[in-house]
Amino acid sequence: MAVLRVLDSAVLCGAFGHEARALEAEMAQLYGRAEAVSCSSGTAALHLAVAAAGVGPGDEVITTPISDFGTVAPVVAQGGRVVFADVREDDGNLDPDAVEAAVTPRTKAVIAVHLFGGAADTVRLREICDRHGLLLIEDCAQAWLGEDEAGRLLGTTGDIACFSLQQYKHITAGDGGLTLTDDPSLATRMRLFMDKGWDRAEGRIHRTMGLNYRMTELVAAVARVQLTRVAGVVARRRASARRLIEAVGGLPGVTVPQRRTGHAWWVVPLLVDDNTRWARGLEERGVPALPGYLERPLYANPALSGYPPGLCPRAERLIGRTLLVLPWNEGYSEDDVDRIAQALGKVATS
Ligand SMILES: *Cc1c(COP(=O)(O)O)cnc(C)c1O
């Protein structure tokens, strides 16, 4: 229906239609923020944020080594330097003390990733950013409608929040991205960067540097429908994650997430003694599991250089040894969850 409506209109480009603008208004309303800007991916959303923050050559942005590459690629694209701070051992989110220790006169921004749907400590990170005059960017790609312990929506504390509509997120339009902000000047800068620095109300003048990161009308139409479903998606994930945690909370050798309030459960992260053994054991019983989530911390990828091994020991230990990620889905039935719990029980005692 939504897609046919766009095809019938014969306007497929987001610059000329009204689906992308309507999606932005609906997203801003969902989160209670002043403005939303749509774009072509979560990585693009982060690029809008980093560009709007004024990150350029020599500037530093502090973030986590455990995330999607899309969190850091925009910083590199702007000629900035990514400074990796270590994470908390229990949930893999940024350790605010490590962030504060990494601040230098060149620091421009902090990107807080709400890893797996669990809240980073935005209260302390906000306070650190305010004290040092830094922009706080929240990467909410894995945390649609997640909340912090105080019940505050993730994506409402940062100067800018970024979301992804990629295939494997809570909701998808294939690919797509959204940013949120309450600051009209940040919104204008992001909007210009998304469309070649071109304010179409003004004429064909390129005021600022920009790329083409526009969301198409087809994607926006799908995303608008998805946005009406996200609350249900998160609610079903919460119910099934709670069922799993109740079932496996007492198993030997497994630690379930302790910070569960408001979690959006993009995946269910567990802590184990040997994630390779657990992943293999689950795989043998037909349950998909990712040891460590990543193969290596972001800084150990060939695309980046100048970061020594051992830079963030807690992140390396999580990836290499203790973190076990169970892909999660709102379509899991109680039966599916019980079978996953059973498989975990078997591996625990094997
Ligand atoms: C998926 C993801 C991104 C990148 O989003 P894309 O839409 O794939 O570009 C960025 N950050 C995090 C935390 C993600 O999970």
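Numbers here simply count residues along the sequence, with the first being 1. Atoms within a ligand are numbered from 1 in the order they appear, just like the ligands themselves.
Looking only at atom types and distance, the side chain of R189 has no donor-acceptor partner in the side chain of T208 under 3.5 Å away. Between the side chains of Q78 and H47, a donor-acceptor pair is found at a separation under 3.5 Å. Checked by atom type, the side-chain pair D336/S333 shows a donor-acceptor distance below 3.5 Å. When only modelled atom types and interatomic distance are considered, S41 and D175 share no side-chain donor-acceptor pair under 3.5 Å. Side-chain contact check for Y168 and Q142: no donor-acceptor pair (N or O, by modelled atom type) lies under 3.5 Å. With hydrogens and angles left out, the side-chain atoms of T181 and D183 include no donor and acceptor closer than 3.5 Å.
Here the heavy atom of the protein found nearest to atom 10 (C) of ligand 1 is D139 OD2, 3.6 Å. Residue, atom and distance of the protein heavy atom nearest to atom 4 (C) of ligand 1 are D68 OD2, 3.3 Å. The protein non-hydrogen atom at the shortest distance from atom 6 (P) of ligand 1 is G42 N, 3.5 Å. In this structure, atom 2 (C) of ligand 1 lies nearest to the protein heavy atom K169 NZ, 2.7 Å. Of all protein heavy atoms, the one lying nearest to atom 9 (O) of ligand 1 is T43 OG1, 2.5 Å.
Atom-to-atom distance recorded for W266:CH2 and S164:OG is 9.0 Å, nearest 0.5 angstrom.
Inclusion of S164 in the set of residues having an N or O under 3.5 Å from an N or O of ligand 1 is warranted.
Not a single heavy atom of G177 sits closer than 4.0 Å to an atom of ligand 1.
Close approach of ligand 1 to V113 is summarised as follows: ligand atoms under 4.0 Å from at least one heavy atom of the residue are 13 (C). Every atom of ligand 1 is numbered from 1 in the order shown, and the set under 4.0 Å from a heavy atom of Q166 is 7 (O), 8 (O).
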